[in-house]
Every structure is written in structure tokens, then in C-alpha cells.
Number of protein chains: 2
Amino acid sequence: MRPKNIEKEEAIRKLALQLIAEDGLENLTMQKLAKAANISPRTIYIKYENKEDLLIKLFVDEVIGAFEKAVLENFSATMDFAVGIHCIWQNCFTYFKNNRHAFALMQYGKSSPLLNKAYKERNITEGQFFTPVHQFAERHAAAGTIKNFPIQIFRALVFAPLLDLINEYFEHTDRPVQVITDELFQSSCDAVIAGILQNKH
Amino acid sequence: MRPKNIEKEEAIRKLALQLIAEDGLENLTMQKLAKAANISPRTIYIKYENKEDLLIKLFVDEVIGAFEKAVLENFSATMDFAVGIHCIWQNCFTYFKNNRHAFALMQYGKSSPLLNKAYKERNITEGQFFTPVHQFAERHAAAGTIKNFPIQIFRALVFAPLLDLINEYFEHTDRPVQVITDELFQSSCDAVIAGILQNKH
DNA sequence: AAAATAAGTAAACATTTATTTACTAATAAA
DNA sequence: TTTATTAGTAAATAAATGTTTACTTATTTT
């Protein structure tokens with residue numbers, strides 16, 4: 001039996017992310033992808049059931065899965081609050097700096113109903129993404145270190161500005177200088193932390 | 001000369017937003033749109049040059065333009081910082097509550113290269129969106145009320161969590177109870193304000 | 001070395017797509 | 001009322017789409 005060529009599967013995933021980043025998800029076609037990856041369209045159907053299957057696997061495994069892994073690197077739910085948030089921010093920033101094309105599909109996760117639905121279903125069937133971060137938030141809320149927000153609000157306050165700053169970071173090609181310096185990135189992180197911390201009185 | 005039927009143009013815009021919200025931008029076709037709006041495909045081409053033109057006008061005028069107008073309602077660059085941010089947040093929340101379908105296309109603005117590019121170009125050719133908010137930020141930064149962040153960072157800290165909370169608000173159909181209550185919305189706003197305020201020492 | 005089997009290719013398939021053609025309808029100006 | 005002109009329709013068109021068919025190739029097992 002002829003074995004699957006892993007390089008071809010990697011080429012499909014890599015080029016798919018690149019084409020989506022450059023041209024948009026709405027302009028990705030199976031033929032363009034096959035051509036870019038230097039394979040026959042049929043080969044894609046050996047690895048993936050159909051286009052939706054490809055997009056969902058790409059999004060859930062290649063993008064969110066790898067993103068989660070990178071964010072949780074050296075992170076522990078028992079960390080001090082400020083240290084933990086800085087760890088998450090730095091990991092996230094580093095990951096997307098090294099995986100720029102993944103960021104594009106990540107963004108589609110908030111707009112495309114297909115990806116959105118797939119993400120939710122995956123969270124139900126195989127356990128929540130970012131569980132240690134949730135435990136971290138719950139622990140600090142219980143200890144009174146931070147305001148006792150529901151996890152969705154915690155996520156909005158911590159992750160939304162972070163991803164927006166990374167998006168700004170990538171836009172820097174249009175501008176004479178990079179706005180998002182390391183120093184400003186750290187100050188932004190501190191601002192988010194300061195807002196969530198519980199004021200002792 | 002037969003005059004244009006404004007109702008038909010409105011139907012096109014309204015149903016386009018609805019179809020995008022329900023099925024995704026990547027699944028919107030001119031024929032589906034024509035059918036949904038109960039008109040001939042040709043009629044769309046009387047009002048818009050082509051599909052890209054329709055999407056760009058829909059995004060820039062119908063979504064961002066109307067959004068800006070709603071956000072600036074009763075807002076002034078001379079407002080007290082906390083009052084101004086609360087005003088923006090409340091206006092934004094109210095607008096999207098009443099224009100749910102616009103929110104879907106808004107989200108695509110961050111992922112789709114076509115819309116992204118159109119937004120930037122429009123900002124250059126016809127003046128920046130949200131100028132009063134920028135003036136507001138600059139004024140408070142100069143006065144030392146808030147940290148002296150570049151406007152991009154200010155935007156990330158103030159708007160990103162806001163839009164993420166609104167997104168959470170819309171997800172409530174899947175859940176037994178609405179997480180984003182008015183009270184939590186106000187507290188989130190306060191947390192964002194607290195983070196950006198300059199600590200006097 | 002031969003057989004078995006799945007991977008892979010090139011080309012084709014039936015649909016669907018954005019857009020246009022050929023026509024009809026409505027209205028303002030003459 | 002007639003004419004000119006644009007709005008609008010139904011149907012067609014050419015190109016592009018996701019997917020499959022018919023075939024070839026590479027590799028493992030016997």
C-alpha cells in the first residue's frame with residue numbers, strides 16, 4: 001500500500017492559510033488551492049471530505065488548536081494574576097508573529113457562521129479550549145484578586161484588546177513606523193490588568 | 001424618465017445584510033440576493049456596479065457610516081472622560097441591538113481583505129471615521145487624565161472589548177440566560193476606564 | 001518478484017456563478 | 001398625447017465552481 005505523503009497535506013494546509021490571508025476566505029477555491037500546492041484537486045479530497053471539512057479542520061486544529069497550545073506554554077492556573085496575564089499576552093503575541101497567516105483565519109472565526117459553529121461544537125464534544133485560563137480567572141475571582149466577572153466578560157476584557165493590538169501590529173506595513181512597540185504592548189497589558197484588578201478598600 | 005424605486009434599493013441592502021448574517025459573506029450570491037429581495041438580478045446592477053461595489057457600499061455606508069453616526073449621538077470631544085466613554089459604549093450597544101445584521105458584516109470588516117482595504121481607502125479619501133473620538137482621546141491624553149497611548153492602542157483598549165461583549169450578547173440565544181446584563185455591561189465599561197486612567201501620584 | 005492496495009494525477013462533470021442580452025414598463029418632458 | 005429615457009424583468013451566457021471518473025504510480029506485504 002502506498003503511504004500518504006505528509007508533505008502534501010502540509011502543503012495544502014500551509015497554502016490554504018496563505019491564500020485566505022492574501023485573498024480572503026470568500027475567494028478560496030479548491031482549484032486555486034490545488035494549483036498553489038502543486039497537486040491535483042483530487043488529492044485534497046483524499047485528505048479532506050470536502051471544502052467545509054477542510055476549512056473546519058484548518059480552523060479548529062491548525063489555527064485554534066495550535067494557538068491554544070502556544071498560549072498555554074509555561075502558563076499555570078496558579079500563577080500570580082499580573083504574571084499570568086503577561087505570560088498569556090506574550091505567548092499570544094509571539095505565536096502570531098511567527099504564524100501570521102493563521103491570524104487571518106482566526107479573525108474569520110468571529111464572522112463566518114460555518115467556523116463559528118464548528119468552534120462551538122468542538123468545545124462541546126472535546127472539552128473547552130483554554131480551560132487553564134478559565135481556572136486561572138475563577139481562582140483569582142474567588143480569591144478576590146480581581147473583579148468577579150463571568151468568564152465571557154473576562155475573555156472580552158483580556159483577549160479582545162490583545163487580538164486587536166496584534167492586528168494593528170500586522171498593519172504596520174502601511175505605515176512609516178511600527179506603532180505597537182514592545183514597550184507599548186507591555187503598557188497596554190498593564191492597563192488591562194489594572195482595569196480588572198479588584199480595588200482593595 | 002422612469003424614477004428609481006427607493007424601496008427596491010432598500011430591500012437589496014436589508015436582505016444582503018440578513019443573508020450575510022445568516023449564511024456568511026462567503027455564501028452570498030447575486031441570485032440568492034435577488035430572489036430574497038424579490039427582484040431580478042439585473043436590478044442589482046442598476047444600483048451597483050458589481051458585487052464588490054455592492055459589498056463595499058454596504059459595508060462603508062450602511063454599516064460603518066451608520067455605526068459612526070449612532071456612536072457620536074450626543075457625544076462631544078469635550079466631555080469628561082468617564083462620561084464620554086460611557087456615552088460611546090451605550091450608543092454602540094443600543095445601535096447594534098437595533099441593527100443586529102449590521103454587526104455580522106462589521107465583523108467581516110476585520111477579516112475580509114476587500115472590506116478592510118475599502119475601509120482604509122475611504123478613511124483617506126473622505127476623512128477619518130470617528131474623528132471626534134480621536135479628538136476626545138487626544139485631549140484627555142494631553143491633559144494627563146489618561147495614559148498617553150497612540151490612538152490605535154486607545155481604540156484597541158476601548159472598542160475591542162466593547163464589540164466582543166456585543167458579540168457575546170448576540171450569542172445568548174444558545175444559552176439559558178443572557179450573560180451580558182446592563183449592570184455587567186456598565187461594570188465592564190468601568191473596568192476599561194479604570195485601566196486607561198492615569199494614576200495621580 | 002508479483003500481487004494488492006491506496007495515493008495521486010489529468011481531465012471531465014454537472015452546477016452554480018457573476019454578469020449581460022433582449023425586451024417591457026413607467027414616467028417626465030415635449 | 002406622444003416621445004425619449006431610464007427602471008425593471010425574464011432568460012441566457014460564458015466562466016468558474018466543488019466534486020468525481022478513469023486511470024497511473026508508488027509502496028508494502030506475500
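Within every chain, numbering begins at 1; the chains are lettered A, B, ... in the order of the sequence lines, protein sequences first and strands thereafter. Because the structure is a prediction, the values reported are computed rather than measured.
At distances below 3.5 Å, not a single donor-acceptor pair connects side-chain atoms of T145(A) with backbone N or O atoms of A141(A).
Straight-line distance from the CG atom of N50(B) to the C1' atom of dA16(D): 17 Å, rounded to whole Å. In this structure, L33(A) atom CG and dT17(D) atom C1' are separated by 14 Å, rounded to whole Å. Rounded to an integer number of Å, the gap from M30(A) CE to dT9(C) C1' is 16 Å. The OH atom of Y45(A) sits 17 Å away from the P atom of dC13(C) (whole-angstrom rounding). Summarising the geometry, the separation between CD on E26(B) and P on dT16(C) is reported as 18 Å, rounded to the nearest angstrom. A straight line from NZ of K51(A) to C1' of dT15(C) spans 14 Å, rounded to a whole angstrom. Rounded to an integer number of Å, the gap from CG of N27(A) to C1' of dA16(D) is 12 Å. Note: CD1 (I44(A)) to C1' (dA10(C)) measures 14 Å, nearest angstrom.
Checked against a 6.0 Å centroid threshold, the rings of H140(B) and F136(B) count as neighbours.
With hydrogens and angles ignored, no donor-acceptor pair under 3.5 angstrom links the side chain of Q31(A) to the base of dA16(D).
Counting heavy atoms from C-beta on, the side chains of Y48(B) and L58(B) never come closer than 4.5 Å.
With DNA chain D read from its 5' end, the first of the two nearest nucleotides for K32(A) and E49(A) is the one closest to K32(A).
For E26(B) and Y108(B), the side-chain atoms include at least one donor-acceptor pair closer than 3.5 Å.
Figure legend: K97(B) and F93(B) shown as a cation-pi pair, the cationic atom lying under 6.0 angstrom from the six-membered ring centre and within 45 degrees of its axis.
Annotation: the span from L55(A) atom CG to L25(A) atom CG amounts to 5.5 Å, rounded to 0.5 Å.
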Could you list the protein-to-nucleotides 9-11 of chain D atom pairs, N/O on both sides, closer than 3.5 Å?
{"unit_1": "dT9(D)", "atom_1": "OP2", "unit_2": "S40(B)", "atom_2": "N", "d": "3.3"}
{"unit_1": "dT9(D)", "atom_1": "OP2", "unit_2": "T43(B)", "atom_2": "OG1", "d": "2.2"}
{"unit_1": "dA10(D)", "atom_1": "N7", "unit_2": "S40(B)", "atom_2": "OG", "d": "3.2"}

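Heavy atoms of L28(B) sit under 4.0 angstrom from primed sugar atoms or phosphate atoms, though from no base atom.
The shortest non-hydrogen separation linking M79(B) to R139(B) is O-NH2, 2.8 Å. When every heavy atom of N5(A) is checked against every heavy atom of K47(A), the shortest pair comes out as O-NZ, 3.3 Å.
F67(B) and Y95(B) have tilted rings, their planes meeting at an angle from 30° to 60° on a 0 to 90° scale.
Under 4.0 angstrom from either OP1 or OP2 of dG8(C) there lies at least one side-chain N or O belonging to K47(A).
From one end of the helix from dA1(C)-dT30(D) to dA30(C)-dT1(D) to the other, with five pairs defining each end axis, the axis direction shifts by 10° (rounded to 10°).
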